[in-house]
S.K.: 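Please read through the structure below; I'll follow up with questions.
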Amino acid sequence: MKVALFIPCYVDQFYPNVGIATLELLEKLGVEVDFPLDQTCCGQPMANSGCETDGIGAANLFVENFKDYDYIVGPTGSCVLHVRDHFNKIQQTEEVKKVRAKTYELCEFLVDVLKVEHIEAEFPHKVGLHLSCHGLRGMRLGQSSEIVGQDFSKMRGLLEKVKGIELIELDRKDECCGFGGTFAVTEEAVSVKMGKDRVADHVRHGAEVLTGGDMSCLMHLGGIISRKDQPLKVMHIAEILNGATL
Amino acid sequence: MDHPSAAAIFNKDEARTEWHDKALWYVRSKRDLSAKSIPEWEQLRQIASAIKAHALSNLDNYLVEFEENAKKNGITVHWAQDGKEHNEIVHSILKAKEVKKLVKSKSMLTEECHLNPYLEEKGIEVIDTDLGERIVQLSKEPPSHIVMPAIHKKKEDIGQLFHEKLGTEAGASDPQYLAEAARQHLRQNFLTADASLTGVNFAIAETGGVVVCTNEGNADLGVSLAPIHIASMGIEKLIPKAAHLGVFLRLLARSATGQPITSFSSHFHGPKPGSEMHIIIVDNGRTEQLGRDDFRKSLNCIRCGACMNTCPVYRRSGGHSYGYTVPGPIGSILSPGKDLKKYSSLPFASTLCGSCSDVCPVKIDIHTQLYKWRQIIAKEHELPWSKRQAMKVAGYMFSHPNMYRTAGKAGRAMLKVTPKTLVNGPWNVWGKSRDLPPPPKESFRDWYLKNRVKK
Ligand code: SF4
């Protein structure tokens, strides 16, 4: 199985630790992982701003970088969703179709492809899980609270395998954090208020760590936490699953 | 004013924003409980969506069938191309009978057509009889929500308004007391009105009748007492058969407020003896929307308001911030079809979280349509210039790995040497209330080259 690691541009630049944790975690699970060196960005920021056509170059480059792998795995729901849903704007060659179908979010890959039963990690802390919208409602990594049906969450399921972890319950289990790409800047007031409200929910329920599958949401929430000196830390789920300590 | 500016003003009073958010979240929570009491909920949504798709793609036939059957029931049917024609028809009906006072039950369509100011100018008094509608009418505001028009007002605000307009005691804000005052006030108007106008929730092709859902019974009271009943409906209100009503009535109230059904589901199938009944079928841009493949499904909407209650942006910016008759997510996909330039900020008033699409009882893919409107807005040059240029540059950079790496390195280096106070200057909107992550010493790629690539 040839697996390529997809590290979103902002993770590459600002959160190398998340990339390292993802890589080490996959390696621990026996996967041989390659990191194609010419990767940049999936093109989502342009597309969500209405400039889909400006993202076409990035999309083509993405396919070029990843076309020879069986799976492409990235620690992000948002960018993976973009590859799957919005790469329909470039010509649908066999390569493009394959890349779209074989690009996985990390937790989804662990659950659905590797069928991981056991996680070698201990994290004796109170943890709040932020379910990012693109992973939840876009990729259906869990059941959203609006839909009537059996509740499930692939991320929660994995975290529950971590020794000593205590997952807290939130008042609003899957409300958006307010990041939303350029929304965070163009709608600054609402974006910040949404973020503050999410952080408050985690603080109210005693979370020591706020985790999630998308560093973009966590960057926004972490920015608010840091500015207001709130008593909790932000960590990507890959770091916890990889056995990080506080 | 565009959405971000109006939303920023709304957010200046943080306590009030929180109150607004919680009031609507409470309604959303009631909806959840109510929906979850029905195991076949998702199936119902599916069926409702399919009925609507069928009705919309056969609208030409169903409209004719409806007209025929309505006429057989003794109803006069009118067709209006746009809001102006709708208003003129209403006026001509009222003028013929020298109507001085019209009582109205809730109708978003007449809001859309701006009927009230039009009639008032012609010397006809219009009284909105839905409590929330009456409140916003008295305070000379548009509704801020399609189901709860005065949800943006606190009970103290209403107490003050009623004190000024209806003579209630100064400082009184007890909801029961205020509701009773409104009841007495409205009763007087019901008794003295010469005509009544209602909206339409569902029009049934098979029977030629219409159904109006209210919680206050004000539609029935208005229609029963006045000698003329005008029902205004958009062409998309049509459903083929009476049997389909069950699907929609089960979904509507549960989605709207969490009630199993509205207190009144009033069926009007003809004039009562000695009176007239008119139905005005209005297009006002709907056929155009029907012709847009990507946006047709927005006409499924049954105006339950659930997408507003669930929308984290709506809850924190208020209905007036949208500046369109129908606010919130559904308004943001309907309004650009009316005036792309004027409403170009609305499809961006969303994080594309998708909650609206999941909550919608008729399965409108709202957030996907928001995304698609964004593409059209950018193509039609309605994006701010700076944003458009930034995206072009980003697009170029991300197609060139070397350039991306150089820019990333330079950016991180800059951040490292720039003092925080400077980083968070007024030019950095991100930094107004949020810190940036501390820049790491190397990118992941740099680390990978050092630690994994065999030399
Ligand atoms: S779009 Fe859907 S959720 Fe929103 S008001 Fe219409 S029917 Fe209700």
Side-chain angles (χ1 to χ4, degrees), chain A residues 7 9 11-17 19-20 23 35 37-41 43 45-46 48-52 54-58 60-61 133-134 137-138 144-149 172 175-176 178-180 182-190 192-195 197 219-220 222-224 226-227, chain B residues 3-4 7-8 11 14 17 21 25 32 35-36 38-39 41-42 310 312-313 316-317 348-355 357-359 371 374-375 377-378 383 387-388 391-392 394-399 401 404 408 411-412 429-430 432-437 439-440 442-445 447-448 452:
Chain A
I7 298 298
C9 52
V11 174
D12 176 42
Q13 293 298 328
F14 284 106
Y15 300 100
N17 287 342
I20 296 167
L23 177 67
F35 176 75
L37 290 166
D38 272 345
Q39 55 182 292
T40 60
C41 165
M46 289 76 94
N48 283 359
S49 305
C51 305
E52 232 168 30
D54 292 323
I56 284 179
N60 284 324
L61 179 65
C133 304
H134 287 174
R137 298 191 189 84
S144 71
S145 59
E146 297 87 8
I147 302 280
V148 175
R172 302 184 188 179
E175 183 165 71
C176 177
F179 173 67
T182 49
F183 177 90
V185 175
T186 52
E187 288 270 7
E188 195 265 349
V190 180
V192 167
K193 184 63 188 137
M194 284 167 71
D197 290 352
M219 170 170 78
H220 163 70
I224 288 169
S226 148
R227 180 62 60 86
Chain B
H3 186 272
N11 272 272
E14 189 168 358
T17 304
D21 165 64
W25 182 260
D32 288 355
K36 277 166 195 174
I38 303 216
W41 183 257
E42 297 307 326
T310 203
V313 178
R316 291 175 184 81
S317 62
F348 294 91
S350 160
T351 57
L352 304 181
C353 76
S355 181
S357 305
D358 275 5
V359 91
Y371 176 90
R374 291 181 183 189
Q375 309 306 323
I377 288 163
L383 269 193
K387 193 175 186 177
R388 187 73 201 79
M391 290 307 145
K392 275 199 178 133
Y396 187 80
M397 177 180 79
F398 288 133
S399 318
Y404 155 75
R412 272 180 288 120
V429 182
W430 173 276
K432 238 172 103 182
S433 306
R434 285 165 294 209
D435 285 340
L436 278 169
E442 59 187 0
S443 69
F444 171 75
R445 186 179 183 275
W447 178 91
Y448 185 85
R452 286 296 188 278

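Just so we're on the same page: letters track the sequence lines, and every chain starts at 1.
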S.K.: Flag the pair C133(A) / C176(A) as yes when at least one side-chain heavy-atom distance between them is below 4.5 Å, and no otherwise.
M.R.: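 A side-chain contact under 4.5 Å exists here.
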S.K.: Less than 4.5 Å to any heavy atom of chain B: does that hold for the side chain of S145(A), its backbone, both, or neither?
M.R.: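 Contact with chain B is through both the backbone and side chain of S145(A).
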S.K.: Which of the residues G57(A), G222(A), S144(A), G178(A) is involved in the greatest number of heavy-atom pairs with chain B at under 4.5 angstrom?
M.R.: G57(A)
S.K.: Among G408(B), A35(B), S433(B), which residue has the highest count of heavy-atom pairs closer than 4.5 Å to chain A?
M.R.: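 Option with the top pair count is S433(B).
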S.K.: So, does S443(B) use its side chain to make a donor-acceptor pair with the main chain of Q13(A) at under 3.5 Å?
M.R.: no
S.K.: Looking only at the side chains, is there a donor atom on one of D12(A) and Y404(B) sitting less than 3.5 Å from an acceptor on the other?
M.R.: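 A donor-acceptor contact under 3.5 Å links the two side chains.
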S.K.: Looking at N17(A), D38(A), N60(A), V148(A), which has the largest count of heavy-atom pairs under 4.5 Å with chain B?
M.R.: V148(A)
S.K.: Is it true that D54(A) and K392(B) have a side-chain N and a carboxylate O under 4.0 angstrom from each other?
M.R.: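 Salt bridge between D54(A) and K392(B), a charged N being under 4.0 Å from a carboxylate O: no.
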S.K.: Would you call R316(B) and D197(A) a salt bridge, taking side-chain N to carboxylate O under 4.0 Å as the test?
M.R.: yes
S.K.: Could you give the distance from CD (E187(A)) to NE2 (H3(B)), rounded to the nearest 0.5 Å?
M.R.: 5.0 Å
S.K.: Can a salt bridge be assigned to the pair R412(B) and E442(B) using a cut-off of 4.0 Å between side-chain N and carboxylate O?
M.R.: no
S.K.: What residue in G354(B), C353(B), A378(B) has the most heavy-atom pairs under 4.5 Å with chain A?
M.R.: C353(B)
S.K.: Of all of I147(A), V185(A), L61(A), which one pairs up most often with chain B through heavy atoms under 4.5 Å apart?
M.R.: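 Top option by heavy-atom pairs under 4.5 Å: I147(A).
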S.K.: Pick from A349(B), S357(B), S355(B), G411(B): which one has the most heavy-atom pairs with chain A under 4.5 Å?
M.R.: S355(B)
S.K.: Donor-acceptor pair, R434(B) side chain versus A184(A) backbone, under 3.5 Å?
M.R.: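 Side chain of R434(B) to backbone of A184(A), a donor-acceptor pair under 3.5 Å: yes, one is there.
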S.K.: At a 4.5 Å cut-off on heavy atoms, which part of L352(B) comes close to chain A: side chain, backbone, both, or neither?
M.R.: both
S.K.: Measuring centre to centre across the rings, with the benzene-like ring taken for any Trp, is Y15(A) within less than 6.0 Å of F444(B)?
M.R.: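 Centroid separation for Y15(A) and F444(B): 6.0 Å or greater.
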S.K.: With a 4.5 angstrom heavy-atom cut-off, is it the side chain or the backbone of E175(A) that approaches chain B, or both, or neither?
M.R.: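 When you check distances to chain B, only side chain atoms of E175(A) fall under 4.5 Å.
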S.K.: Side chain, backbone, both or neither: which part of I56(A) has a non-hydrogen atom closer than 4.5 Å to chain B?
M.R.: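 Neither part; nothing is under 4.5 Å.
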S.K.: Determine the option with the most heavy-atom pairs under 4.5 angstrom with chain A, choosing from Y448(B), W447(B), Y371(B).
M.R.: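 The answer is Y371(B).
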S.K.: Does the D21(B) side chain pair with the main chain of T17(B), one donor and one acceptor, at a distance under 3.5 Å?
M.R.: no
S.K.: Sort out for me which of C41(A), G138(A), G149(A) touches chain B most, counting heavy-atom pairs under 4.5 Å.
M.R.: C41(A)
S.K.: Between S226(A), A58(A), P16(A), which has the largest tally of heavy atom pairs under 4.5 Å with chain B?
M.R.: P16(A)
S.K.: In terms of heavy-atom pairs under 4.5 Å with chain B, which of G55(A), G195(A), G19(A) leads?
M.R.: G19(A)
S.K.: Please flag which part of I224(A) lies under 4.5 Å from any non-hydrogen atom of chain B: side chain, backbone, both or neither.
M.R.: both
S.K.: Which atoms of K387(B) come close to chain A, meaning under 4.5 Å heavy atom to heavy atom: side chain ones, backbone ones, both, or neither?
M.R.: side chain
